[in-house]
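For the single chain, residues carry numbers from 1 onward in sequence order. In what follows, every heavy atom counts, from backbone to side chain, and hydrogens, waters and symmetry copies are set aside.
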Amino acid sequence: MCYEIGCSIVAAMTTVTASRNPAEATARPLPRARLDWRLRFAALSLIWGFSFLLIKVGTDGYAPFQVTLGRLVFGTAVLAAAMAVKRERLPRGARTWGHLTVAAFLLNALPFSLFAYSELTIPSTLAGICNATSPLWGMALSLVALSEDRPTRVRVAGLGIGFLGVLTVLGAWQGFAGLDARGTAMALLASLSYPIGWIYVRRTLAGSSHSHLSLTGAQLLLATVQLAVVTPAFTSVPTRLSLLPLLAIVALGALGTGLAVLIQYGLVAEVGPTTAQMVTYFIPVIATAAGVAVLGESLRWTTPVGAVIVLVGAALTQVKRGAQ
């Protein structure tokens, strides 16, 4: 789940690298994928859609910071294994590591922790829908922070429609009755953190000579270190081993963070970031279905209706000027 959807460092750096040396990209075609990209796209949608369910299960047995730390540990292990197989090295240079430290906080440590804390008090279905607001936040922020990203009437309309959808999900006209304001705010802040991190990466690491896998591996490693420092200060050692929540954390890290990033990188390289990022619109649907079917979470009519409005708005914010 990244903007692990709308804008992970993988997508951002792949786009930059591909545009920096088109001649090399032509001379060195990508190896033929073992699985059709549509199957990998579906797998990525399922993995990230079920991530919110796994977070909920993980927090049933462990503190949110512990869930996030475990997620990062297992996700980093998967990327470390991929780097070893491809004989990739970690990036060098204090400047690069400094920027990656900030990116790790904004794209991993902070949003992962906020989502884990939010699901202590809100359903996984609501967390998944809040995650779908990342493109809306990204659109709003890019108008201010990225001078080359000019607004259009369609995109501005999409922004307004999207936030109308958010108000529908929350039942604003009912005074947000039945919702935990703190948990919902945490989930929305987590979604806001992704585009802030993406804009930071775009401004500071675009044009880096390091590979996407190397940068992402270093980013997850730094996020793991950040949580390893914070977690002991705010949590105590669990008194008993809760097996099911532990398995959920392992799956969340190895699949939802490690493997998912590798799949996304392959999709971006093969079909481009625009198509790959369409996974954004499937995640809340799968998260909602999983929460209701597996966890038995209740569903008010405002949730699916508002989610559809959010997704329509998010889709409109991605319409480019030439496509109108």
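- In terms of the side-chain contact (heavy atoms from CB on, under 4.5 Å) criterion, residue partners of Leu222 (sequence neighbours excluded) are, by chain and number, Trp97, Leu100, Thr101, Ala104.
- Both Leu126 and Val294 are members of a single hydrophobic cluster when ILVMFWY side chains are connected at heavy-atom separations under 4.5 Å.
- Of all heavy-atom pairs between Leu311 and Pro284, the closest is CD2-CG, 3.7 Å.
- Nearest heavy atom pair, residue Leu120 against residue Pro64, reads CD1-CG, 3.6 Å.
- For the pair Val73/Leu227, no side-chain contact is recorded, criterion being any heavy-atom separation below 4.5 Å from C-beta on.
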Lys56 vs Leu295, test: side-chain contact (heavy atoms from CB on, under 4.5 Å). Steps then yes/no.
CA-CA 9 Å; Lys56 174 68 78 172; Leu295 298 179; 3.7 Å; yes
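- Relative orientation of the Phe65 and Phe234 rings is tilted, given thresholds of 30° and 60° on the angle between their planes.
- Residues satisfying the side chain to side chain donor-acceptor pair (under 3.5 Å) criterion with Glu88, sequence neighbours excluded, are Ser211.
- Under the 4.5 Å side-chain heavy-atom criterion for grouping Ile, Leu, Val, Met, Phe, Trp and Tyr, Leu221 is connected to Val78 within one hydrophobic cluster.
- For Leu46, the side-chain contact (heavy atoms from CB on, under 4.5 Å) partners are Phe50, Ile286, not counting sequence neighbours.
- Side chain of Thr184 to backbone of Asp180: a donor-acceptor contact under 3.5 angstrom is found.
- Interatomic distance, Thr76 OG1 to Gln219 CD, rounded to the nearest 0.5 Å: 9.5 Å.
- Between Leu252 atom CG and Trp48 atom CH2 the span is 12.5 Å, to the nearest 0.5 Å.
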Residues Leu90, Met83; criterion side-chain contact (heavy atoms from CB on, under 4.5 Å); working and verdict
CA-CA 9 Å; Leu90 290 172; Met83 290 178 65; 3.8 Å; yes
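- Within the 3.5 Å criterion, the main-chain N or O of Ser124 finds a donor-acceptor partner in the side chain of Glu297.
- Of the possible polar contacts, none joining the Thr133 side chain to the Ile129 backbone as a donor-acceptor pair under 3.5 Å is found.
- Under the rule for a side-chain contact (heavy atoms from CB on, under 4.5 Å), the partners of Ile249 that lie at least two apart in sequence or sit in another chain are Tyr62, Val67.
- Hydrophobic clustering (side-chain heavy atoms under 4.5 Å, transitive across Ile, Leu, Val, Met, Phe, Trp, Tyr) keeps Ile263 apart from Val85.
- Cluster annotation: Phe74 is not connected to Val261 through the hydrophobic network of ILVMFWY side chains, with a link wherever side-chain heavy atoms come within less than 4.5 Å.
- A donor-acceptor pair under 3.5 Å links the side-chain atoms of Arg40 to the main chain of Leu35, judged by distance alone.
- Hydrophobic clustering keeps Phe105 apart from Val225 (ILVMFWY residues linked when any side-chain heavy atoms are closer than 4.5 Å, directly or through intermediates).
- Distance check, rounded to the nearest 0.5 Å: CH2 of Trp137 to OH of Tyr194 gives 14.5 Å.
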The test is side-chain contact (heavy atoms from CB on, under 4.5 Å); show your working for Phe52 and Ile283 and say whether it passes.
CA-CA 10 Å; Phe52 297 95; Ile283 291 174; 3.8 Å; yes
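- Checked by atom type and distance alone, the side chain of Thr216 never pairs as donor or acceptor with a backbone atom of Leu213 at under 3.5 Å.
- Scanning all heavy atoms of the two residues, the minimum distance from Leu54 to Ala248 falls at O-CB, 3.7 Å.
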Is there a side-chain contact (heavy atoms from CB on, under 4.5 Å) between Arg71 and Ile55 once you walk through the steps?
CA-CA 9 Å; Arg71 174 182 187 174; Ile55 292 172; 4.0 Å; yes
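- The distance from atom CD of Gln264 to atom CG of Leu44, rounded to the nearest 0.5 Å, is 6.5 Å.
- Contact detail for Pro195 and Gly138: the closest heavy-atom pair is CB-CA, 3.4 Å.
- Judged as a side-chain contact (heavy atoms from CB on, under 4.5 Å), and not counting sequence neighbours, the contacts of Val102 are Leu106, Tyr200.
- In terms of the side chain to side chain donor-acceptor pair (under 3.5 Å) criterion, Thr288 has no residue partners (sequence neighbours excluded).
- Between Asp60 and Pro245, the shortest heavy-atom contact is C-CG, 4.4 Å.
- Rounding to the nearest 0.5 Å gives a distance of 9.0 Å between CZ of Arg92 and NE2 of His210.
- Residues Phe115 and Ser191 share a closest heavy-atom pair of CZ-OG, 3.7 Å.
- Taking CG of Leu53 as the reference point, atom OG1 of Thr125 lies at 10.5 Å (rounded to 0.5 Å).
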